[in-house]
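For reference, the structure discussed in these notes is given below.
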Amino acid sequence: METDKKLNPTIIIILGATGDLTWRKLIPAIYNLYLDKWIPDHFAVIGISHKDITVDDFKKRLHEGVNKFSRRGKAKASEWNSFEKYLNYHKAEFNVAGTYTAIEKQIQKFEKEWKVSANRIFYLAVPPNSFDEIALKIGSSGLAKNKLLSRIVIEKPFGYDLVSAKHLNDLLHTIFDEGQIYRIDHYLGKETVQNILAFRFANAMFEPIWNRIYIDSVQISVAEQLGVENRGNYYETAGALRDMIQNHLLQLLCLIAMEPPVSFEADEVRNRKVDVLNAARKIRPEEVHKYAVRGQYGAGWIQGKKVVGYRKEPDVNKDSSKETFAALKLFIDNWRWQGVPFYLRTGKRLNETLSVITIQFRPVPHQSFPSEATGNWQPNRLVLYIQPHMGIRMRFQAKRPGLKMNLYPVDMQFNYDDTYTSGTPEAYETLLLDIMEGDSTLFMRADQVEAAWKILMPVINSWEANPSVNFPNYESGMQGPEDAEALIAKDGHSWSVIPPEKSE
Ligand code: BG6
């Protein structure tokens, strides 16, 4: 991917520049944008952190990060050397007004040198409890005064619940216009996730059957083998519902269930998505157990290695009631989807790392074939593979070769890797470029975030008021708790096998 398109001069100010996100994701993404010639001629990154390190230490660490995490592998020395000149570092505290005066001075210095005003992007790569304070300081320092040039980027989690999300939105809106705020959900930057829009709206053949008449149910699964790693502190305040479902899985649901947008203008797409969230049937507090299942991993085996249970992970309470697995059944109350269940599930320490969306079609309305032909018959199924494999698989029935009519399911497949040889950009590359270009289509608008919280609040409230009595209830390396099977089995469905079993 290369382009001649030139962006406005841009300065990205990363607050939390010595943290994991900057090292693993942001700088490798910016580096790849640089190699693909997306970075404007006048460009700078200003890293801010309280760590007492030199700019050379900072660059050295980022170089290691690029070598380790860039999709292109180890950086070529000549390329890195010409890139690192963009990197600057300031040791500074976020809660001190002087920090923001220093940032302003540095920005002015660049602008004077470049003889042009630059976009200033404030990237908050910091824990959520610092969002308020940093935003307020950016506001009071006057750094956000220019509404066209200043933007703020907020990582998830956006709020802890509906009330705190509203509070954060209100606070941000006292300083920034909605169009200046970029709420990141990195799933929306993933290539395969964006491809859902192309698949649905750039092809004429799927849209006519994309509704309750032809679709029986939808499953969205995001399974991870990873545990909580070194994020016990954060996870104890989050859990699977807040960490994954409130954002990533509900956004996937929106892309599957949204109405066709009239255009790909940011607000048009986001309006269609928020319509889906607003149409989600409210779960009544007394019915949470019918719609939601939680789990927590115990000890077990992952890829041949023994792993500890969640309660033995660092920084986790030894009798924690936090869920590391959540499954949800949702209905979208509109004409298109009335009566079609959407099953969402996600969990850590499962048997596979795999994100897939399964669209299960209804059976044919009348079975003309004799029963001896249809022993292996299965309704059509479309599987969208999000990661780690990227592709689409359509299951249909075919005649098995032989003298008798014998039907058997077969698959048509599209695999990204077989079709495209050029590298696939990482989600953060797409998202950072969009922020630089001022395109907010792939970012969460204030009302989307709040609508997503509204769906989950009854479940969150119920689970917090009634700590689970049977945790841990699934072994690491397995498919999750038995209750999750029951949630869907009572509707006559079953979860797609992970990974879905291969057809002939
Ligand atoms: C993050 C969650 O948002 O997404 C993590 O906080 C999770 O807990 C991660 O592991 C999954 O992202 P990906 O891109 O690896 O699927």
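Just the heavy atoms: all of them, side chains too, but no hydrogens, waters or symmetry mates, feed the values below. In listed order, ligands and their atoms are each counted from 1.
Scanning all protein heavy atoms for the shortest distance to atom 15 (O) of ligand 1 gives Gln387 NE2, 4.2 Å. Ranking the protein heavy atoms by distance from atom 12 (O) of ligand 1 puts His186 NE2, 3.2 Å first. Atom 3 (O) of ligand 1 has His248 NE2, 2.7 Å as its closest protein atom, hydrogens excluded (heavy atom only). For atom 6 (O) of ligand 1, the closest heavy atom belonging to the protein is Asp243 OD1, 2.6 Å. In terms of protein heavy atoms, atom 5 (C) of ligand 1 is closest to Arg231 NH1, 3.3 Å. Protein heavy atom in closest approach to atom 9 (C) of ligand 1: Glu224 OE2, 4.1 Å.
Evaluated for a side-chain contact (heavy atoms from CB on, under 4.5 Å) with Arg151, the options Ile181, Thr10, Ile12, Asn119 yield exactly one hit, Asn119.
The N/O atoms of Tyr234, backbone and side chain alike, include none that comes under 3.5 Å of an N/O atom in ligand 1. For ligand 1, one of its N or O atoms has an N or O atom of Lys190 under 3.5 Å away.
Going from atom CH2 of Trp453 over to atom CG of Leu241 covers 8.5 Å, rounded to the nearest 0.5 Å.
No close placement of the Tyr123 and Tyr182 rings is indicated, their centers lying 6.0 Å or farther apart. Ring pair Tyr297/Phe325: centre-to-centre distance not below 6.0 Å. Between Trp337 and Phe342, the distance from one ring center to the other falls under 6.0 angstrom.
Remark: the Lys322 side chain and the Gln296 side chain contain no N/O donor-acceptor pair separated by less than 3.5 Å. Under the 3.5 Å distance criterion, with hydrogens and angles disregarded, a donor-acceptor pair is assigned to the side chains of Tyr234 and Asp243.
For ligand 1 and Lys156, the ligand atoms under 4.0 Å from any heavy atom of the residue are 1 (C), 2 (C), 3 (O), 6 (O). Listed by number with element, the atoms of ligand 1 under 4.0 Å from a non-hydrogen atom of Lys348 are 5 (C), 7 (C), 8 (O), 10 (O).
Here Tyr187 has side-chain heavy atoms under 4.0 Å from ligand 1, and that is the only part of it that gets that close.
Within 6.0 Å of atom NZ in Lys305, 12 or fewer heavy atoms from other residues, nucleotides or ligands are found, so the atom counts as exposed in its surroundings.
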